[in-house]
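Have a look at the structure below, then the notes.
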Number of protein chains: 2
Amino acid sequence: MLNTLSFGLLCMLSRGSFSGYDLMLKLQPFWQAKHSQIYPLLAKLDQAGYVEHIKIEQSDKPDKKVYSLTGKGRQALIEWVPEPAAEPPTTRDEINLKAYAMWMISDKDAMRQLFETKAAHHREKLEYYDRLLEQVKQESGDNLESIDDKNFGRYILIRKAITLANTQIEWCGWVLSFFDRHAQKEERQ
Amino acid sequence: MLNTLSFGLLCMLSRGSFSGYDLMLKLQPFWQAKHSQIYPLLAKLDQAGYVEHIKIEQSDKPDKKVYSLTGKGRQALIEWVPEPAAEPPTTRDEINLKAYAMWMISDKDAMRQLFETKAAHHREKLEYYDRLLEQVKQESGDNLESIDDKNFGRYILIRKAITLANTQIEWCGWVLSFFDRHAQKEERQ
DNA sequence: ACGACCATGTAAGCGGTTACATGATTAT
DNA sequence: ATAATCATGTAACCGCTTACATGGTCGT
């Protein structure tokens, strides 16, 4: 049986034909995977008949393999997609652990820095997803907010990423406000 | 060198002494790990001198090993905690993949179900974290909102989990509203 | 009776990261 | 010069999940 990453690749290929490199870039925002995991998997899916590829020779860039869904691949996808998703989804953020033990650290400024860089990372992500949203809007226009649109899924995912990033940024700001109050107390003494 | 899960265990032990079973339960909400990963790691940390344990014999329940931080463990922790966290944090939610390919699925009611059960799971999590918050509030009282408090880290993490769960629930509701509009359009025809 | 909770462990196997390997083009 | 982008692959290793194994108590 296929694993989740395989279905992730098939999902991307449901919307067009792409090289392994392209698939990696498209998949990254929604399911982290390195090229060293993707290339061998694509070869396996190819052998098993879920995808097929053609070689594209390029003069300015390296040659590439462009993959497409086969009928078998499409069939496997439309059976998998409506099945219940694995719960709970996995999330692993080191800051959760570091926050838990922060009471041991006397250097509060170092801890403050952790939350500031965390906020900065989320602001970067937010900018990225904002740009993605503009792209999708230009592609689809006003038809986008209909579940029949081919881009609807991509649209709602980008929207989720944006609201989650905003929530994280707000949370970091809220935490940092405690550090500010703490610093003011120190000054008065 | 120690891996992240090891530091996760040390973080939990920074706040008290716990059995492997307790550590698993405490760690779960912030860093998913099964007992089969935790027990051997604790033994390794024990051998390497980062933690130590005493055997507690119980008559009503199975005997257990209660672990505590050693000086070496505490030292390793206070060096690790202020170091920058690994970026980006990993998140893997199958619904992200399924949404991407939902345009292929003609059975929109099945897709609707996916978002409804997703919302239900987040509501469950929300209830769990609400209860945790009440616990922490009772333990710490009003002192809680000070970065010097031992419970401050736990407090802000629970707060984050609550706001993120709320954002996810709202997003699911927003997505479901499109399904409602779609269903109404169908009816008119 | 049956399942859930407490409690600890081992073993097999899949999933995922890091490092090794190559190499042209373009931008700073 | 140096780094980034495009492009594909392999190998070693660590992280993580699933399954196997045991066994008492408590609630329904």
Side-chain angles (χ1 to χ4, degrees), chain A residues 1-10 12 17-28 30-48 51 53-67 85-94 97 124 128, chain B residues 1-9 12 17-28 30-48 51 53-67 85-94 97 128:
Chain A
M1 258 305 291
L2 303 181
N3 60 19
T4 311
L5 180 55
S6 299
F7 282 114
L9 292 167
L10 298 184
M12 298 297 129
S17 299
F18 303 101
S19 66
Y21 190 84
D22 284 342
L23 285 168
M24 179 189 64
L25 294 180
K26 280 191 171 278
L27 203 53
Q28 292 279 17
F30 307 112
W31 195 275
Q32 291 76 43
K34 307 285 159 80
H35 73 274
S36 54
Q37 201 181 1
I38 287 172
Y39 289 128
L41 245 193
L42 278 171
K44 229 184 84 184
L45 290 171
D46 200 329
Q47 262 196 320
V51 302
H53 76 271
I54 48 167
K55 278 172 200 161
I56 303 283
E57 284 173 40
Q58 299 181 118
S59 50
D60 53 334
K61 297 182 213 169
D63 300 348
K64 62 180 177 181
K65 294 179 181 174
V66 172
Y67 289 89
E87 290 289 348
T90 58
T91 52
R92 283 195 183 92
D93 193 340
E94 279 187 15
L97 305 177
E124 264 177 55
Y128 168 78
Chain B
M1 257 305 291
L2 303 181
N3 61 19
T4 311
L5 181 55
S6 299
F7 282 113
L9 291 168
M12 297 298 129
S17 299
F18 303 101
S19 66
Y21 190 84
D22 283 342
L23 286 167
M24 178 190 65
L25 293 180
K26 280 191 170 278
L27 203 52
Q28 292 279 17
F30 307 112
W31 194 276
Q32 290 75 44
K34 306 285 158 82
H35 73 274
S36 54
Q37 200 181 1
I38 288 172
Y39 289 129
L41 246 193
L42 279 171
K44 229 183 84 185
L45 290 171
D46 199 331
Q47 261 196 323
V51 301
H53 75 271
I54 48 166
K55 277 173 201 161
I56 303 285
E57 284 173 40
Q58 299 179 118
S59 50
D60 52 335
K61 297 183 214 170
D63 299 350
K64 62 180 176 180
K65 294 179 182 175
V66 171
Y67 289 89
E87 290 290 347
T90 58
T91 51
R92 283 194 182 94
D93 193 340
E94 280 187 16
L97 305 177
Y128 168 78

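None of the values given here were measured: they were computed from a predicted structure. Letters A, B, ... mirror the listed sequences (proteins, then strands); counts begin at 1.
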### Query
For B:Leu23 and C:dT8, what is the distance between atoms CG and P respectively, to the nearest whole Å?
9 Å
### Summary
When B:Arg92 and B:Met24 are each assigned the nearest nucleotide of DNA chain C, the 5'-most assignment goes to B:Met24
### Query
What distance separates B:Ile54 CD1 from B:Tyr67 OH, expressed to the nearest 0.5 Å?
11.5 Å
### Query
Could you state the interatomic distance from CZ (A:Phe18) to CE (A:Met24), rounded to the nearest 0.5 Å?
14.0 Å
### Message
In whole Å, I'd like the distance from the CG atom of B:Leu42 to the P atom of C:dT8.
### Response
9 Å
### Task
Using whole Å, report how far CG of A:Leu41 lies from C1' of C:dC14.
11 Å
### Whether over 12 other heavy atoms sit under 6.0 Å from B:Glu57 CD
no
Less than 3.5 Å apart, which donor and acceptor atoms pair up between the side chains of residues 35-46 of chain A and the rest of the protein, not counting sequence neighbours?
{"from": "A:Asp46", "atom 1": "OD2", "to": "A:His53", "atom 2": "ND1", "distance (Å)": "2.4"}

### Query
Got more than 12 heavy atoms from elsewhere within 6.0 Å of CD, B:Gln47?
no
### Task
Five pairs at each end of the helix from C:dA1-D:dT28 to C:dT28-D:dA1: take the axis at both ends and give me the angle between them to 10°.
50°
### Query
Which nucleotide span of DNA chain D, 5' end to 3' end, has atoms closer than 4.0 Å to non-hydrogen atoms of chain A?
D:dT5 to D:dT17
### Query
Rounded to the Å, how far apart are B:Asp63 CG and C:dC6 C1'?
11 Å
### Message
Once rounded to the nearest 0.5 Å, what's the spacing between atom CG of B:Asp93 and atom CH2 of A:Trp31?
### Response
7.5 Å
### Query
Near DNA chain C, which residues from residues 30-40 of chain A have a heavy atom under 4.0 Å away?
A:Lys34, A:Ser36, A:Gln37
### Task
Could you pull out all residues at least two apart from B:Ser17 that satisfy side chain to side chain donor-acceptor pair (under 3.5 Å)?
B:Ser68
### Summary
CG (B:Leu97) and CZ (A:Phe7) are apart, to the nearest 0.5 Å, by 10.5 Å
### Summary
dist A:Ser19:OG -> A:Lys55:NZ (nearest 0.5 Å) comes out at 15.0 Å
### Query
Yes or no on side-chain contact (heavy atoms from CB on, under 4.5 Å) for A:Leu5 and A:Leu27, after CA distance, side-chain angles and deciding distance?
CA-CA 9 Å; A:Leu5 180 55; A:Leu27 203 53; 3.5 Å; yes
### Message
Let's go through A:Leu10 and A:Leu2 carefully: what are the C-alpha distance in whole Å and the side-chain angles of both, what is the deciding distance for side-chain contact (heavy atoms from CB on, under 4.5 Å) to 0.1 Å, and is it a yes or a no?
### Response
CA-CA 10 Å; A:Leu10 298 184; A:Leu2 303 181; 4.1 Å; yes
### Task
May I have the distance from B:Phe18 (atom CZ) to C:dA7 (atom C1'), rounded to whole angstrom?
16 Å
Check: protein-nucleotides 1-3 of chain C nitrogen or oxygen pairs below 3.5 Å:
none

### Query
Do side-chain atoms of B:Gln32 reach the backbone of A:Thr90 as a donor and acceptor pair under 3.5 angstrom?
no
### Message
Nearest 0.5 Å, please: how far is OG1 in A:Thr4 from CZ in B:Arg92?
### Response
9.5 Å
### Query
Start at the 5' end of DNA chain C and walk down; is the nucleotide closest to B:Val66 or to A:Asn3 reached first?
B:Val66
